[in-house]
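Have a look at the structure below, then the notes.
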Amino acid sequence: MRGGGLLPEAVDAYRAAADHYQQTGNRGKEPHALFNLALALRQAGRFQEAIEPVRGAVSSYREAGNRDEKARSLILLGAVLGCGRINEAITAYRDAAAIRRESGDQRGLHRARRLLRSNEEIKSILDAGRALLDAGQYEEASTVYRWGAFVFRQLGDRHSQAVTSACLGTALRGAGRFDEAIAVLAETAGIFGDLGDADREQETRAELLAAQRDQASV
């Protein structure tokens, strides 16, 4: 079903499998089901929902001493954490790289290091945007955040795209570009709603209301 694009059905099937293995005490198969559940959720763009099951897979593989599958799960964990929790994502990729290095898996090590470098670069972009925002350089910050949102859109990472777009909306509001800010924030709040991230949806809607008030006062 996952291969055929029937993602809601695949999610339900993997979740049922994981629940069954947990209830029957099958610790050998449970982490595999959790990993696949997280994979299907990620493919469906439900990154926040994928975090808990993939963390469960990491923990189970750690307890079982299966370092190869633990490293694979850490890679997936880094992917679903995205830029919303970039420091945690970097830690996951760093841990995966350490396991690959110790096992002598050069191909796996290269992939983990590539993902680690990519996320460190993303963190630099986000930090640069935040520094510009804090300094009141709103036009410059909007350029940085717009580029970040575009990159995440291309990668299919909707949650990281939304996190970056929320910052873009704030930067546009600070620059006095209220029409653009309102459009970006409204779209972003909708994405957070679709992804089930209620806290960020609420924060974004509060920023949207502030931008609308600013526009009305001009």
Side-chain angles (χ1 to χ4, degrees), residues 38 41-51 54 75-94 112-218:
L41 286 165
R42 180 198 177 199
Q43 192 173 335
R46 295 157 64 180
F47 285 74
Q48 290 300 289
E49 292 178 64
I51 293 173
V54 76
I75 292 292
L76 180 57
L77 176 60
V80 299
L81 286 167
C83 82
R85 298 165 70 168
I86 190 70
N87 290 326
E88 294 175 68
I90 287 172
T91 297
Y93 288 129
R94 189 173 288 132
R113 282 179 170 170
R114 176 172 54 80
L115 291 166
L116 175 59
R117 284 194 300 270
S118 175
N119 276 261
E120 287 174 337
E121 290 170 4
I122 290 168
K123 184 177 186 299
S124 296
I125 290 171
L126 295 174
D127 287 347
R130 173 52 58 184
L132 291 166
L133 209 58
D134 291 343
Q137 296 176 258
Y138 299 113
E139 290 288 356
E140 293 84 350
S142 67
T143 299
V144 171
Y145 286 129
R146 195 184 300 279
W147 168 248
F150 170 77
V151 170
F152 288 125
R153 187 190 296 271
Q154 296 300 110
L155 292 172
D157 185 343
R158 293 187 74 214
H159 193 264
S160 293
Q161 174 195 336
V163 171
T164 312
S165 292
C167 296
L168 170 61
T170 299
L172 290 168
R173 177 192 166 207
R177 295 161 63 179
F178 301 122
D179 287 342
E180 293 176 71
I182 290 167
V184 167
L185 292 167
E187 179 185 6
T188 302
I191 295 174
F192 281 134
D194 291 342
L195 297 175
D197 192 337
D199 290 340
R200 282 201 170 93
E201 180 185 6
Q202 185 176 3
E203 291 171 4
T204 306
R205 292 200 183 281
E207 184 72 10
L208 172 59
L209 287 173
Q212 291 170 333
R213 285 195 297 267
D214 289 345
Q215 184 186 51
S217 67
V218 174

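Since the model is a prediction, treat every value here as computed from it, not as a measurement. Worth knowing before you read on, the calculation uses all heavy atoms, side chains too, and leaves out hydrogens, waters and symmetry mates.
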- request: Measure the shortest side-chain to side-chain distance between R146 and L172 over non-hydrogen atoms and say whether it is less than 4.5 angstrom.
  value: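 A side-chain contact exists here, since the closest heavy-atom pair is under 4.5 Å.
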Could you state the interatomic distance from [atom1] ([X]) to [atom2] ([Y]), rounded to the nearest 0.5 Å?
X: R42; Y: I51; atom1: CZ; atom2: CD1; value: 12.5 Å
X: R205; Y: Q212; atom1: CZ; atom2: CD; value: 10.0 Å
X: H159; Y: I191; atom1: NE2; atom2: CD1; value: 10.5 Å
X: T164; Y: F150; atom1: OG1; atom2: CZ; value: 13.0 Å
X: E120; Y: I86; atom1: CD; atom2: CD1; value: 9.0 Å
X: I182; Y: E187; atom1: CD1; atom2: CD; value: 14.0 Å

- request: Answer yes or no: is there an ion pair linking R117 with E121, defined by an N-O contact shorter than 4.0 Å?
  value: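 No, R117 and E121 are not salt-bridged.
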Which atom names give the shortest non-hydrogen contact between [X] and [Y], and what distance separates them?
X: V163; Y: F192; answer: N-CZ, 3.7 Å
X: A162; Y: T188; answer: O-CG2, 3.2 Å
X: R130; Y: C167; answer: NH2-SG, 4.4 Å

- prompt: side-chain contact (heavy atoms from CB on, under 4.5 Å) between S142 and R177: does it pass, once the steps are laid out?
  reply: CA-CA 10 Å; S142 67; R177 295 161 63 179; 4.0 Å; yes
message: Does anything in residues 79-93 form a salt bridge (charged side-chain N to carboxylate O under 4.0 Å, His left out)? List the pairs, not counting sequence neighbours.
response: R55-E88, R85-E88
task: Give the C-alpha distance, both sets of side-chain angles, the deciding distance and a yes or no for side-chain contact (heavy atoms from CB on, under 4.5 Å) between I125 and Y145.
output: CA-CA 8 Å; I125 290 171; Y145 286 129; over 6 Å; no
